[in-house]
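Here the structure is laid out as structure tokens; the discussion comes afterwards.
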Amino acid sequence: MTEAVTAPAAAEAALAKTYDPAGTESRWQQAWESSGAFHPDPAAEGDPFSVVIPPPNVTGSLHMGHAFNTALIDTIVRFQRLQGKNVLCLPGTDHASIAVQTILEKQLKAEGQRKEDLGREAFLEKAWAWKAESGGTIVGQLRRLGYSVDWQRERFTLDAGCSTAVIEAFNRLHEQGLIYRGEYLVNWCPASGSAVSDLEVEMKEVDGHLWHFRYPLTAGAAADGCTHLEVATTRPETLLGDTAVAVNPKDPRYAALVGQTLALPLVGRQIPIVADDHVDAEFGTGCVKVTPAHDPNDFAIGQRHNLPLITVMARDGSMNEAAGRFQGLDRFEARKAVVAAMDAEGFLVKVEDYRHSVPFSDRGKVPVEPLLSTQWFVRTEPLAARCREALENADPRFVPERWTKVYRDWLTDIRDWCISRQLWWGHRIPAWFVVSETGGEITDSTPYVVARDEAEARTKAEAQFSGGSHAHPVVLEQDPDALDTWFSSGLWPFSTLGWPGELNGAEPADLARWYPTSVLVTGFDIIFFWVARMTMMAGALMESRGDASAAWIPFRDVYIHGLVRDENNRKMSKSAGNGIDPLLLIERYGADALRFALVREVAGAGQDIRLDYDRKSDTSATVEASRNFANKLWNATRFALMNLGGETPASLGEPDPAALQLADRWILSRLARVNRETAERYGNYGLGEAAKGLYEFAWNEVCDWYVELIKRRLNPGENPSPAALADQRTARAVLAKVLGELLVMLHPLMPHLSEELWHGLTGQPESSFLALQSWPALDQAALDNQLEAQFAELIEAIRVVRNLRALAGLKPSQSAPVSFVTGRAELAALLQEANPDITALTRAETVAVLSPEQAEAAPAAKALAGVSGELQVLLPIEGLVDLDALRGRLEKDIAKADREINGLAGRLANPNFADKAPPEVVLECKANLAEAEAQAALARRRLGDLG
């Protein structure tokens, strides 16, 4: 396909002989960014379309999940630009409180220091210096993917604008009664010394033990000879904080004991037996020890029964004074000591091996400890209720729709959100404690004021605590804690657009133009942790836009994508060590090849994809196939440039419909159909289907068929007639149109390659970008369903002729007559019209189109026969090939097929295989058997035709 028919020097110079992804991608990334190609004006024409990208952690490096998410988002936004929308794709990074602080504390530890030695201000200076030096890694890596974001609007969750938004949001939520300070159980990480969110907790399966203990009934409490209750636990150290034992109210075994008391072993404290529906009477003994200060379920039981809360553990994971003789021991040392003491005092019943899930801190890498702590909380139920109401109007719309239920479930029976973290790096909580009221110390009872800055806080505090009974001057101290990173992330869709910067009641231009955003593209694992928090925050803070959910909801669509799994279909993770570095694949194959490979693998919205990868060679057959596709497009465009006579799609103009030949009409119909299908797929998030459809059209129909069909027309020979020259121009115009529009349609998927090829094809200056062109107009008149169906039959007929020629052993240059037999008049007419094409592509000496009656009346001749649907194809070979040699080849084919048939039939007849092998293996064996039998039958028929 790629040999030149003609080769003007200027055309050869337009594109290099071979495709260089690295050079091409770097050049266009720089050109797009330096020109501000993706820096939109809110006042510009076009319907608004906006995406704020999920902000990666500033500590991060590009992983395959980032690459997949980027490829999907960029495909969507580049398509919308081609549709004429005023598109904003806004990038940014997250400050990652715990991750950054962990990095810095490790650096300080290596230097023999702690953060307290530096002090808060010096520590934060060090953190900002680290961010300036190392925090741009992930941004540079995202740039390498060709992300068409507006880098001039890049945001950081700790930048001045986002910080203002966080302070304003905290104040407004507090004013609405939606933020409060209270005592509650939190996930506590002893290693990092901070509360951590649910998302920062990873459940791990561990091999542990289940210890069974007896708790004796107090004197006078025995009933029916019962002297004790048996409980089981995986955390014996917490029994020191037990304040009850619970049983199910419907459990007849313990009905008489409810309200009685037990003596807590090792402690001696009397604790009640309570009835609670939470207890599963069928699990274990049906008795559950209740430690309200150290377990969330127990905390809920304690709330229902007004049980005391006894904390036996300090924040560093050691036992405190309430643990009595075990005070000072690490929690795991205390576990062993408590078990030993229970055994020594006769309370240990038995020990069982027990595999169970344990929550680990993702940052501290240690088991988290549910710990009672005074923290700041968001009251979530009022926020969730508004989101549930909006969901009744499909706001937002989830793609795939099945994730709507997951989102609704998260918003139902929701727990209040702990938003304070014991960290320095992050948004410091805008609350000031009036420490002059509590002896200069912050205690759980110290009064506080919430304000936008210290001056406002002082004004509020002095109004409340000056004069009268307050003899001391007001002394303020700001809360030392920082907000959960998810708090600022929850504001991302509107804080990045300038909220709350209202000027004279008017919204900032970006917010007014691009909010609500159009679509959020994210993974399923953070539907609650991020998606739901963004919708809840918007419901509380964007109320000025009106009550209608469509006005305040932060995004109209939520496109949920799956995971990128490794070559063994396993989830990639750091712990498994099976990640695939996208930068290695970009270096080897190019960013466009990686992007196209990832999107093309998507079998349906939300589905996981599998990426083939050879870890020994750092190669991927999947990405290599996409690189081969890029090479195919490159060579096809070079072929066009060498055969367009120095002209461009613009100079050639639209082809004259009256001058179109059969192949022209077919490819233009296919072009129009692919245009319509691809636009629908892009617009409906069928991105994988769009990629597959364009691949098939470009490779199989344009390159492999249409280009081959028009080569003879592009080269009419010496001294061509005026008619031949006119036909040459028609072929050139159609080829230029097809390639030009194909490159536009491919642009969202392979932006760098398509930009380079489009410039080569059109001759446009580098200041004019394909990225900013219009989607090609749909030529409805070109659509011809019947022609496409008939041309598909023609292609299959040509394939059959080629296969018969190969079977006969004809040389490529050797001519042979071809006959087609059909009773369908319209197919016969098509074959007659396609006679020149068939002749050129099959080296046919003559092409005869016969009716079944004509074929029957024709003189008998040795011929190979093939069938394509209702069409019979005959290749007369007498006098052209050695018939004995051909018979020998067919006999060998038959013998080979028979051996395969016997082997496969034997496997299927073996009960050990048929009954025990995986069903898919058995099905594959049956399919192979059917194929072998069909091949043997075909070879026998052909052998019979030879006589």
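Judged purely by atom type and a 3.5 angstrom limit, R428 uses its side chain to pair as donor or acceptor with the backbone of D479. Not one N or O on the side chain of T93 forms a donor-acceptor pair closer than 3.5 Å with the backbone of F156. Put simply, the side chain of R144 never gets that close to the backbone of A591: no donor and acceptor are under 3.5 Å apart. No donor-acceptor pair under 3.5 Å is formed between the side chain of D484 and the backbone N or O of R421. Remark: side-chain polar atoms of D557 are not paired, donor with acceptor, to backbone N or O of Y559 under 3.5 angstrom. One N or O on the side chain of E25 and one on the backbone of D592 form a donor-acceptor pair closer than 3.5 Å. D150 contributes no side-chain N or O that, together with a main-chain N or O of C89, makes up a donor-acceptor pair within less than 3.5 Å. Between the Q422 side chain and the G193 main chain, no donor and acceptor come within less than 3.5 Å of each other. Side chain of H95 to main chain of V100: no donor-acceptor pair is present (N/O by atom type, distance under 3.5 Å, no hydrogens or angles).
For W492 and W486, the distance between ring centers is not under 6.0 angstrom. For W32 and H752, the ring centers sit closer than 6.0 Å to each other.
In summary, the side chains of T311 and N320 do not present any donor paired with an acceptor at a separation below 3.5 Å, with no hydrogens or angles considered. For the residue pair E183 / T374, no side-chain donor-acceptor distance below 3.5 Å is found, with atom types taken as modelled. Between the side chains of R155 and S495, no donor N or O sits under 3.5 Å from an acceptor N or O.
Taking the six-membered ring where the residue is Trp, H63 and H66 present parallel rings, their angle staying beneath 30° rather than reaching 60°. In this structure, W424 and F123 have perpendicular ring planes: the angle between them is above 60°, well past the 30° mark. Using cut-offs of 30° and 60° on the angle between ring planes, the pair F487 and F170 is tilted.
More than 12 heavy atoms of other residues, nucleotides or ligands shown are found within 6.0 angstrom of CD on Q176. Within a 6.0 Å radius of CD in E133, no more than 12 heavy atoms belonging to other residues, nucleotides or ligands are found. Within 6.0 Å of CD in E116 there are more than 12 heavy atoms belonging to other residues, nucleotides or ligands.
Here the closest non-hydrogen pair linking A67 and L145 is CA-CD1, 3.9 Å.
Side chains of N578 and R615 form a contact here, defined as non-hydrogen atoms less than 4.5 Å apart. When side chains are defined from C-beta on, P748 does not count as touching I76, because their heavy atoms never get closer than 4.5 Å. With contacts defined as side-chain heavy-atom distances shorter than 4.5 Å, the pair S148/R81 qualifies. The closest side-chain heavy-atom distance from P480 to R120 is below 4.5 Å. For the pair C418/F377, a side-chain contact is recorded, criterion being any heavy-atom separation below 4.5 Å from C-beta on. S50 is not listed as a side-chain neighbour of L90, based on a closest heavy-atom distance of 4.5 Å or more. Two residues are said to be in side-chain contact when any heavy atoms from C-beta on lie closer than 4.5 Å; W151 and V139 meet this criterion.
Ion pairing between K365 and E202 fails under the 4.0 Å rule for side-chain N and carboxylate O. By the 4.0 Å N-to-carboxylate-O rule, D618 lies too far from R588 to be salt-bridged with it. Taking a cutoff of 4.0 Å between a charged side-chain nitrogen and a carboxylate oxygen, K460 and E456 qualify as a salt bridge. Between E175 and R452 a salt bridge is recorded (basic side-chain N to carboxylate O distance below 4.0 Å).
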